[in-house]
Amino acid sequence: MHIQLTVKKHVTSDELIRLAAEQGVRVYDLRKMWIGQTQDAGQYPRLYMGFAGLREEEMDYGIQLLRKAWSLD
């Protein structure tokens with residue numbers, strides 16, 4: 001199972017991936033998952049998250065960590 005998401009922040013995918021990794025969560029740049037797909041300037045970052053093999057509690061915890069990592073206000 002996976003989710004593709006658009007993060008409505010004016011930061012790069014690389015920055016969001018780095019911030020997530022600092023919290024122990026792995027997310028992936030959607031552009032790198034599809035050959036030839038590019039992100040247009042001005043678009044919000046699009047990421048890919050996988051949930052295979054995780055229990056519901058682990059998913060909830062990971063989402064809480066992402067919320068903490070990406071609260072860039």
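No hydrogens, no waters, no symmetry mates; every other heavy atom, side chains included, goes into these values.
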Can you give me the closest heavy-atom contact between [X] and [Y], atom names plus distance?
| X | Y | result |
| --- | --- | --- |
| Ala69 | Gln23 | CB-CG, 3.6 Å |
| Lys9 | Pro45 | O-CD, 3.5 Å |
| Lys8 | Tyr44 | CA-CD2, 3.5 Å |

Under the side-chain contact (heavy atoms from CB on, under 4.5 Å) test, which residues partner [X], sequence neighbours left out?
| X | answer |
| --- | --- |
| Leu54 | Phe51, Glu58, Met59 |
| Arg67 | none |
| Ile17 | Val27, Asp29, Leu47 |

Distance, nearest 0.5 Å, that separates OG of Ser13 from CZ of Arg46: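 Nearest 0.5 Å value for the OG-CZ distance: 9.5 Å.
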What distance do His10 atom NE2 and Gln43 atom CD have between them, rounded to the nearest 0.5 Å?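 The NE2 atom of His10 sits 12.0 Å away from the CD atom of Gln43.
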Mark yes or no for whether Trp70, through its side chain, and Leu16, through its backbone, hold a donor-acceptor pair below 3.5 Å.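 The answer is yes, because a donor-acceptor pair under 3.5 Å joins these two groups.
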Under the side-chain hydrogen bond (donor to acceptor under 3.5 Å, both in side chains) test, residues paired with Arg18 that sit two or more places apart: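 Residues passing side-chain hydrogen bond (donor to acceptor under 3.5 Å, both in side chains) with Arg18: Glu15, Glu22.
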Quick one: list whatever passes salt bridge (charged side-chain N to carboxylate O under 4.0 Å, His left out) with Glu57, sequence neighbours left out.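 If we apply the salt bridge (charged side-chain N to carboxylate O under 4.0 Å, His left out) test to Glu57, skipping adjacent residues, the hits are Arg55.
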Going hydrophobic residue to hydrophobic residue with side-chain gaps under 4.5 angstrom, can you get from Leu19 over to Val11?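 Leu19 and Val11: one cluster.
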